[in-house]
Each structure stands twice: as C-alpha cells, then as structure tokens.
There are 2 protein chains.
Amino acid sequence: MSDLLERLRGRGWRMTAQRRVVAEVLDGEHVHLTADEVHARAVTRLPEISRATVYNTLGELVSLGEVLEVATDKRAKRYDPNAHRPHHHLVCARCGAIRDVHPNGNPLADLPDSERFGFAVSDVEVTYRGVCPDCASA
Amino acid sequence: MSDLLERLRGRGWRMTAQRRVVAEVLDGEHVHLTADEVHARAVTRLPEISRATVYNTLGELVSLGEVLEVATDKRAKRYDPNAHRPHHHLVCARCGAIRDVHPNGNPLADLPDSERFGFAVSDVEVTYRGVCPDCASA
DNA sequence: ATCCTACAATGGACACTGTCTAAGTCAAAT
DNA sequence: ATTTGACTTAGACAGTGTCCATTGTAGGAT
C-alpha cells in the first residue's frame, strides 16, 4: 500500500505517523474492519493514537475515494480498501465474515426507467447473504 | 393494515394498545422509518408508550416475517412493512428518501459458483443510489 | 538549521442507536 | 371476578460516531 501513500502525498495530503499507520492497517484483500478495529490495530503500532484521529482519517480516505464504507452488518460501518476495483459483498449470516465478490451482469441495467421514480441513478450496491463453510460445518 | 393485526392475532400474538399503534404507524407503501421515528409517531397516538416497547415490538414483527429490517443508510436501521412482496431499494444520496423498486432479472443467479467461496448463498439485497427529482431541482 | 503557521492529533464530552433489567400492569383464559 | 404469564415501563447501560478546545507538528520559508 505504499502506492496509496504516494498517491495521497501527491494530492497534498500531509503525512503523519498516525495517517501512515491507519493506511498500513487497511492494507490487504478481503479486509473489512470497523473503525474501532482499525483503532485497536493502530494502537499496537502507535500506542498514543486517538480514536478521533482514526475516525477522521478514515473519513478522509473515504472522501478521497481511496477506501469504501460498507454497511453490510447493521452495527458498525466497515472500511474496505479495495476501492479501485468495483465489487460487491458476500456476508455470512452467522459469523459476519465478508468476502469481496464479482457477480456477472450489470445490476444497474436491470432497473427499468419505470422503476426509477425520476431519480438519476448512479450506483448500485449488492450484498449477498449466506452461511460460510466454517459455520456450516460447526 | 388491519389484515396484519388479524394475522398476528391468529398466531397467538397478544394484542395490546402499544402493539396496535406500532402496526398502524408502519402502515403504507414506501414507508421506511427508523425505530425512533416509529416511536415519535406512536407517542402522538399513545403518549405513554416507551421506547423499549417500540424496539421490542419491531423486533417481534421482524421475527414473525411481517416487517423487514433495511440498512440503506449507515446510521439507524429502518423498518419496511412491505415484507410480502420481495423488492429492493432506491435511495437518494442527498436527502435519504427511499423507494421500493423491482429490478429485472435475478441477482442471485448472477453470482457464479467460483465467486461463492463455499458459502450457501440464500439471499441478496440490492441498493440503488442516486439523486431524487426534488434534490436534483433544488 | 531554525522558525512559522496552517493543518493535524488529542482526549474528553456529547449524541444517537440499541439492549437490558426489575418492577409494575394487563389481556385473556378459566 | 380471578389468576397468570406475557407485556410494558423507565431508566441505566453499552457501542458507535461526532465535536470542540487545546496542544502538537509537518513541511515550506528564511
């Protein structure tokens, strides 16, 4: 994710130890942490980082389009660093595990004009639910 | 929605003034209230109804399959009484207005086995986002 | 190398959403 | 009318997120 740090610096983002740590924590595939989980992991690397800073930084990353907010469970928002390849989510109904998925077709095209109520529809978010292999065998 | 009350009574649901009021508040099409909005409206009809009762009653209606929980915005859960006709949602990105929509096709079929990660996929939820006519003209 | 200053971080208070509990109340079966 | 167990209540509590005044600092200017 050093390319992320590069991109951000190129946009005039002021680099601080806290922001670097947050970006590092978010690195990887199939990462979908809540803000407090990000904070917990960040603290192990930078003990004095505050919760407010993590929230602020996550909010900025979302505004910059580098990270997506995901509302798959109905509790906390989760943050998904995989913002540059469009994808949807598959969530385990029991344990909450989340995988990124790429369905066929284009759901946007499946919403006829008669069902758009005059909206300018620009985006669609698909959440599949099921039971993951671990929970099924338990 | 008196048919709802009938159905519930038929299932041995004990009828109380509070439950009746909650069910009445939820009546209608394109209704997607948060729990506290339901409480606010219920209070106008039954001033002493408590927040806990509204939460309990909504939870029971969800368990009974009479009302759906919807997580379209990332704040509070919303409750959708339109549980008997499957549908998805179209949300205004500015004002949060929500409409029920019925897209073509079956998104479940669009998730190939190779993208299921061994999950037993049982459900899919589609949220379209855009700008509603009111917000577009403002 | 040092200084400045605007931007960032801190931490604690606050707000919102939702859950829980103990005690009181009431619908409905008898 | 009585009884009983389910329902309701009020308020405390927990988790998530926001805000603000203060303090600290990155990075450009000197």
Side-chain angles (χ1 to χ4, degrees), chain A residues 5-6 8-26 32-64 66-80 96 98, chain B residues 5-6 8-26 32-43 45-64 66-80 96:
Chain A
L5 294 179
E6 283 309 316
L8 294 173
R9 206 191 313 266
R11 295 208 217 176
W13 215 49
R14 187 150 136 191
M15 189 49 54
T16 67
Q18 290 84 348
R19 288 175 169 187
R20 199 180 344 263
V21 166
V22 170
E24 284 168 4
V25 165
L26 281 176
H32 305 86
L33 301 172
T34 66
D36 278 346
E37 285 166 356
V38 172
H39 179 238
R41 298 194 186 193
V43 162
T44 68
R45 305 191 192 199
L46 187 65
E48 69 277 21
I49 192 171
S50 75
R51 226 164 51 94
T53 296
V54 172
Y55 276 92
N56 288 342
T57 303
L58 289 171
E60 286 158 17
L61 289 170
V62 171
S63 300
L64 292 169
E66 296 291 346
V67 166
L68 293 177
E69 261 179 16
V70 182
T72 52
D73 84 16
K74 283 145 188 166
R75 301 174 58 86
K77 297 177 197 172
R78 293 180 174 275
Y79 292 90
D80 184 341
I98 303 176
Chain B
L5 295 178
E6 283 308 317
L8 295 173
R9 207 191 314 265
R11 296 209 216 175
W13 217 48
R14 188 152 137 193
M15 189 48 53
T16 67
Q18 290 84 349
R19 287 175 168 186
R20 199 179 344 263
V21 166
V22 169
E24 284 168 5
V25 165
L26 281 176
H32 305 86
L33 301 171
T34 67
D36 277 346
E37 285 166 356
V38 171
H39 179 240
R41 298 194 185 193
V43 162
R45 305 190 191 199
L46 187 66
E48 69 277 20
I49 192 172
S50 75
R51 226 163 50 94
T53 295
V54 171
Y55 276 93
N56 288 342
T57 304
L58 289 172
E60 285 159 17
L61 289 169
V62 170
S63 300
L64 291 169
E66 297 291 347
V67 166
L68 294 177
E69 263 180 15
V70 182
T72 52
D73 84 16
K74 283 145 188 164
R75 300 175 58 84
K77 296 177 197 173
R78 292 179 175 277
Y79 292 89
D80 184 342

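The basis for the numbers below is simple: all heavy atoms, side chains too, and nothing from hydrogens, waters or symmetry mates. Below, chains carry the letters A, B, ... as their sequence lines are ordered, and counting in each starts from 1.
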Validation row: [X], [Y] side chains within 4.5 angstrom (heavy atoms):
{"X": "B:Leu26", "Y": "B:Leu61", "value": "yes"}
{"X": "A:His39", "Y": "A:Ile49", "value": "yes"}
{"X": "B:Val62", "Y": "B:Leu58", "value": "no"}

Counting side-chain heavy atoms from C-beta on, which of [options] comes nearest to [X]?
{"X": "A:Asp36", "options": "D:dT9, C:dT10, D:dT16", "result": "D:dT16"}
{"X": "B:Asn56", "options": "C:dA9, C:dT10, D:dT9", "result": "D:dT9"}
{"X": "A:Arg75", "options": "C:dA9, D:dT16, D:dC7", "result": "D:dT16"}
{"X": "A:Glu48", "options": "D:dT9, C:dG18, C:dT10", "result": "C:dT10"}

Between B:Val54 and A:Arg78, just flag the one whose closest nucleotide in DNA chain D comes earlier from the 5' side.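 It is B:Val54, whose closest nucleotide lies nearer the 5' terminus.
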
What is the distance, to the nearest angstrom, from the [atom1] atom on [X] to the [atom2] atom on [N]?
{"X": "B:Lys77", "N": "D:dT16", "atom1": "NZ", "atom2": "C1'", "result": "13 Å"}
{"X": "A:Arg19", "N": "C:dT10", "atom1": "CZ", "atom2": "P", "result": "11 Å"}
{"X": "A:Glu60", "N": "C:dA8", "atom1": "CD", "atom2": "P", "result": "6 Å"}
{"X": "B:Leu61", "N": "D:dC7", "atom1": "CG", "atom2": "P", "result": "12 Å"}
{"X": "B:Met15", "N": "D:dG5", "atom1": "CE", "atom2": "P", "result": "21 Å"}
{"X": "A:Glu69", "N": "D:dT18", "atom1": "CD", "atom2": "C1'", "result": "13 Å"}
{"X": "B:Leu58", "N": "D:dC7", "atom1": "CG", "atom2": "C1'", "result": "15 Å"}
{"X": "A:Gln18", "N": "D:dG24", "atom1": "CD", "atom2": "C1'", "result": "10 Å"}

Give a yes or no on whether a salt bridge exists between B:Glu66 and B:Arg11, defined as a side-chain N under 4.0 angstrom from a carboxylate O.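 Salt bridge present between B:Glu66 and B:Arg11.
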
Check this for me: does any side-chain nitrogen of one of A:Glu37 and A:Arg78 sit under 4.0 Å from a carboxylate oxygen of the other?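 So A:Glu37 pairs with A:Arg78 through a salt bridge.
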
By nearest heavy atom, map A:Thr57 and A:Arg51 onto DNA chain C; which one lands nearer the 5' end?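 Looking at DNA chain C, the more 5' nearest nucleotide goes with A:Thr57.
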
Closest-nucleotide ordering on DNA chain C, the 5'-leading residue of B:Thr34 and A:Ser50: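 Comparing both residues, the 5'-ward one is A:Ser50.
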
Think B:Tyr55 has a side-chain N or O under 4.0 angstrom from the OP1 or OP2 of C:dG18?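 So the side-chain polar atoms of B:Tyr55 do come within 4.0 Å of the phosphate oxygens OP1 or OP2 of C:dG18, strictly under.
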
For B:Thr16, report the nucleic acid contact type (base, sugar-phosphate, nothing); a contact means any heavy atom under 4.0 Å.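 B:Thr16: backbone/sugar contact only, no base atoms under 4.0 Å.
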
Which part of the nucleic acid does A:Ala52 contact within heavy-atom distance under 4.0 Å: base, sugar-phosphate only, or nothing?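 Counting heavy atoms under 4.0 Å across all strands, the contact made by A:Ala52 includes a base.
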
Would you kindly check whether a donor in the side chain of A:Arg14 faces an acceptor in the base of C:dA8, or vice versa, at under 3.5 angstrom?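 By the distance-only test, no, there is no pair.
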
